[in-house]
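Have a look at the structure below before the remarks.
Nothing here was measured: the structure is a model prediction, and the numbers come from that model.
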Amino acid sequence: MRERRARLSEKEQARCAGAVSARVLACGTYAHARVVMAYMAARGELSLEAVIGDVLASGRALALPRCEGEGVMTARRVFRLDELIPGAYGIREPGRGCPEIAPEEIGLILVPGTAFDRSGARLGQGGGYYDRFLPRTAGVRMGVCHDFALLSSVPQQTHDQRMDAVVTPSGLIVCPALRG
């Protein structure tokens, strides 16, 4: 999946990111969320710049992940993108001065992944950051990936966290209610 993402042209990557962002922006869950957690794209992940810009323009709270240590991340409120600094793995993240947002306050969590399946299973990058963070949340978990990264199944372990929906450039898949 990573190799396929890396082979995409900038034009195709931008087209896919635009299509995914349009689907998120049109989603009722997005419209009703007072706090939206997104991510800063890295290594071929789909950019959510349009969604991030819309959240900031709307005056709602934008949360972005901050790596606090090995396998530990927090959600930090960002008011402007110039508050971001280079962080773990070369990903831009909120600085220490950005206030932490309690995970249970987040209404929509947009989650990157290497691959997903239609049941909501996610294959991450291997660090376990989201798998440790998501159990503390109550909001809707929406995986974000390219069409080719939506598979019939992905390997799962008991600690792997499931999504409520997966959005791709071609569609929005609502996953079966498999999480508690």
**Request:** Following the transitive rule for hydrophobic clusters with a side-chain heavy-atom cut-off under 4.5 Å over Ile, Leu, Val, Met, Phe, Trp and Tyr, establish whether L134 and L64 coincide in one cluster.
**Result:** yes
Do the side chain of R23 and the main chain of S170 share a donor and acceptor less than 3.5 angstrom apart? yes
Next item on the list: Could you tell me whether R43 atom CZ has more than 12 heavy atoms of other residues or ligands within 6.0 Å of it?
Entry: yes
Common cluster, F148/I173, ILVMFWY with side-chain heavy-atom separation under 4.5 Å:
no
Between the SG atom in C16 and the CG atom in D147, the distance rounded to the nearest 0.5 Å is 6.5 Å
Give a yes or no on whether a salt bridge exists between E68 and R66, defined as a side-chain N under 4.0 angstrom from a carboxylate O.
-> yes
For P65 and A38 the tightest heavy-atom approach is CD-O, 3.2 Å
field: D54 bridged to R60 by N-O distance under 4.0 Å
entry: yes
When you compare the side chain of L110 with that of L48, does any pair of heavy atoms fall below 4.5 Å? yes
In this structure, CZ of F133 is separated from CG of D131 (nearest 0.5 Å) by 12.5 Å
M163 with M1, same ILVMFWY side-chain cluster at under 4.5 Å = no
When rounded to the nearest 0.5 Å, the distance separating CG of L84 from CE of M40 is 5.5 Å
query: Can Y130 and Y39 be counted as having a side-chain donor-acceptor contact under 3.5 angstrom?
result: no
query: Are side-chain N/O atoms of Q161 and R122 paired as donor and acceptor at under 3.5 Å?
result: no
Checklist entry - With a 4.5 Å heavy-atom cut-off, do L150 and V166 have their side chains touching? => result yes
Using modelled atom types only, decide if a donor and an acceptor are shared between the side chain of R92 and the backbone of P86 within a distance under 3.5 Å. no
CD of Q156 to CZ of R162, rounded to nearest 0.5 Å, is 5.0 Å
Please check if atom CD in E3 has more than 12 non-hydrogen atoms from other residues, nucleotides or ligands closer than 6.0 Å.
-> no
Value for SG (C67) from CE (M73), rounded to nearest 0.5 Å, stands at 9.5 Å
Can any side-chain N or O of R15 pair as donor or acceptor with the backbone N or O of K11 at less than 3.5 Å? no
_For G139, is there any backbone N or O sitting under 3.5 Å from a side-chain donor or acceptor partner on T137?_
no
Heavy-atom closest pair (A17 atom, L46 atom, distance to 0.1 Å) is N-CD2, 3.6 Å
*asked:* Using the rule that Ile, Leu, Val, Met, Phe, Trp and Tyr join whenever any side-chain heavy atoms are under 4.5 Å apart, tell me whether L123 and V20 fall into a single cluster.
replied: no
Correct closest heavy-atom pair for T114 and G124 would be OG1-O, 3.0 Å
Is it true that atom NE2 of H32 has more than 12 heavy atoms of other residues, nucleotides or ligands lying nearer than 6.0 Å? no
- Give the intermediate values and the outcome of side-chain contact (heavy atoms from CB on, under 4.5 Å) for residues V111 and M142. CA-CA 6 Å; V111 182; M142 186 179 292; over 6 Å; no
TODO: Say whether, by atom type as modelled, one donor and one acceptor occur between the side chain of R77 and the main chain of P99 under 3.5 angstrom.
DONE: no
Rounded to the nearest 0.5 angstrom, the CD-CD distance for E100 and E105 is 10.0 Å
Is there a donor-acceptor contact under 3.5 Å linking the side chains of D117 and S153? no
Worksheet item: Taking it one step at a time, do L108 and R141 satisfy side-chain contact (heavy atoms from CB on, under 4.5 Å)?
Response: CA-CA 6 Å; L108 173 63; R141 305 167 178 184; over 6 Å; no
Between C145 and P169, the two heavy atoms sitting closest are O-CD, 3.4 Å
Applying a strict under-4.5 Å side-chain criterion to I, L, V, M, F, W and Y, I'd like to know whether L25 and V35 cluster together.
yes
Determine whether a donor-acceptor pair (N or O, by modelled atom type, separation under 3.5 Å) exists between the side chain of E12 and the backbone of S9. no
For V78 and L81 the tightest heavy-atom approach is CG1-N, 4.4 Å
message = side-chain contact (heavy atoms from CB on, under 4.5 Å) for V51 and Y30? Distances and angles first, verdict last.
response = CA-CA 9 Å; V51 174; Y30 172 77; 3.9 Å; yes
Closest heavy-atom pair, Q13 versus G44, reported as atoms and distance to 0.1 Å, is NE2-O, 2.7 Å
inquiry  = Can you confirm whether V36 sits close enough to I106 that some side-chain heavy atom of one is under 4.5 Å from a side-chain heavy atom of the other?
reply    = no
